[in-house]
Asks: 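Supplied in structure tokens, the structure appears directly below.
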Amino acid sequence: MPPIIKSLSFAALAGGLALTSALAMGKVLQRSAARSSHQQPSPERLFEAPAPTLPELVARGRTLFLDSCAHCHGADARGDEGPDLHAVQVSDRYIVNIITRGIPHEMPSFAKKHGADDLTALTAYVRSLE
Amino acid sequence: MDPTIWPKVHGAAVHFPLALALGSGLFDLAGFAVRERPPGPGLHSAGYWMMVLGALGSVPAVVSGLFMTKGSLLGHGALRMHHLFVWPAFTLLVALATWRVFTGQRASRRIFAGYLIAVAVAGALMTAAGYWGGEMMIAR
């Protein structure tokens, strides 16, 4: 093998190894974050009926979402700084608790900003995301 | 642990590989222009060590970024754009430093010109990544 090919292969291998290590570390951190976050399924979802996803309620929820949540979760709720909210495996009560209480060091509480009607609409919107 | 530590560490760490890699390219380019033979004691030597330190410095930059985003590898919006430039830049930087350490000192002038072009590409990728990183800070 010519020396130039050999040295380039070695360099490419080192670069690939560095990238693979970083990606693997990212995956480990993602799993760790998911374990300690609200992305894990909550058991009560099995026993509670989900909120109705009436079109007008969903529309109102989307308006509220764009105002309060989109800058972290993305305008399409596909996640940005905050996680993707599509098809979350949690109960409605869990969603409401997260919005009202927040998550320490991760997400602020919106209890003062959104009342019960808003929470119902926001939950319906999150529930409508497939 | 203070959860805001990682953005601070990331903000501090990212500037070292960016400055060192760009500086390395400039020193090596100057050495190439004045036909200094690597491994010379002057310009190429400075370029060599700046590239090695830049690649080493990219590791804490990447690790702190991963901790800051809780392992997000791509994300959305500005974060996605940032990552689209970061990953090729990181890979290229490590590959270039590895090549430089093991082969670069013995490379012909023609091959070294190719190395300089690759350093310029890495610098452009890192600059673009830095731009989108800055966009995220402004968006806050």
Side-chain angles (χ1 to χ4, degrees), chain A residues 1-40 65-66 68-86 102-109 129, chain B residues 1-7 51 55-56 58-83 86-108 110-112 114-115 118 122 136-137 139-140:
Chain A
M1 185 187 289
I4 180 69
I5 301 295
K6 196 174 174 182
S7 64
L8 283 176
S9 304
F10 190 52
L13 187 67
L17 196 62
L19 180 66
T20 307
S21 304
L23 298 184
M25 187 183 169
K27 282 288 176 195
V28 170
L29 286 171
Q30 275 178 14
R31 285 183 188 170
S32 166
R35 268 200 298 275
S36 61
S37 181
H38 58 292
Q39 294 173 69
Q40 280 291 90
F65 177 87
L66 291 173
S68 297
C69 321
H71 62 280
C72 278
H73 291 282
D76 57 358
R78 282 285 177 197
D80 198 338
E81 277 186 79
D84 185 342
L85 297 178
H86 284 71
I103 303 170
H105 310 305
E106 286 190 37
M107 179 178 147
S109 161
L129 299 169
Chain B
M1 183 189 283
D2 177 8
T4 66
I5 190 73
W6 294 115
M51 178 51 72
L56 290 175
S58 69
V59 175
V62 166
V63 169
S64 61
L66 285 170
F67 273 104
M68 184 177 81
T69 59
K70 297 182 180 63
S72 173
L73 299 173
L74 212 52
H76 294 267
L79 182 63
R80 183 186 178 85
M81 293 302 294
H82 179 67
H83 282 153
V86 158
W87 296 125
F90 176 57
T91 308
L92 189 54
L93 191 62
V94 172
L96 286 170
T98 305
W99 183 84
R100 188 71 195 273
V101 167
F102 290 101
T103 311
Q105 308 295 63
R106 301 186 301 275
S108 69
R110 190 174 167 189
I111 289 172
F112 201 81
Y115 165 82
M136 275 188 282
M137 298 309 291
R140 283 169 193 270

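By convention in this document, chain letters (A, B, ...) are assigned in the order of the sequence lines, proteins followed by strands, and residues within each chain are numbered from 1.
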Asks: Using a heavy-atom cutoff of under 4.5 Å, enumerate the residues of residues 88-98 of chain B that contact chain A, numbered in order, or state 'none'.
Replies: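 The residues closer than 4.5 Å to chain A, in numerical order, are B:F90, B:T91, B:V94, B:A95, B:T98.
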Asks: Nearest 0.5 Å, what's the CH2-CG distance between B:W87 and A:L19?
Replies: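 Taking CH2 in B:W87 and CG in A:L19, the distance rounds to 7.0 Å.
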Asks: Can you tell me which portion of B:S108 sits under 4.5 Å from chain A's heavy atoms? Options are side chain, backbone, both or neither.
Replies: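 Contact with chain A: none, neither part.
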Asks: Quick one: of A:A22, A:G74, A:G16, A:A12, who has the most non-hydrogen atom pairs under 4.5 Å with chain B?
Replies: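 Going by pairs under 4.5 Å, I would pick A:A22.
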Asks: I'd like to know which of B:T103, B:V59, B:L66, B:V62 tops the heavy-atom pair count under 4.5 Å against chain A.
Replies: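 Max contact count across the listed options: B:L66.
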Asks: Against chain B, work out which of A:C72, A:S21, A:A14, A:A11 has the most heavy-atom pairs shorter than 4.5 Å and name it.
Replies: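 Answer, by heavy-atom pair count under 4.5 Å with chain B: A:A11.
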Asks: Is B:L73 in contact with chain A via its backbone, its side chain, both, or neither, using a 4.5 Å heavy-atom distance?
Replies: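 For B:L73, backbone and side chain are both near chain A.
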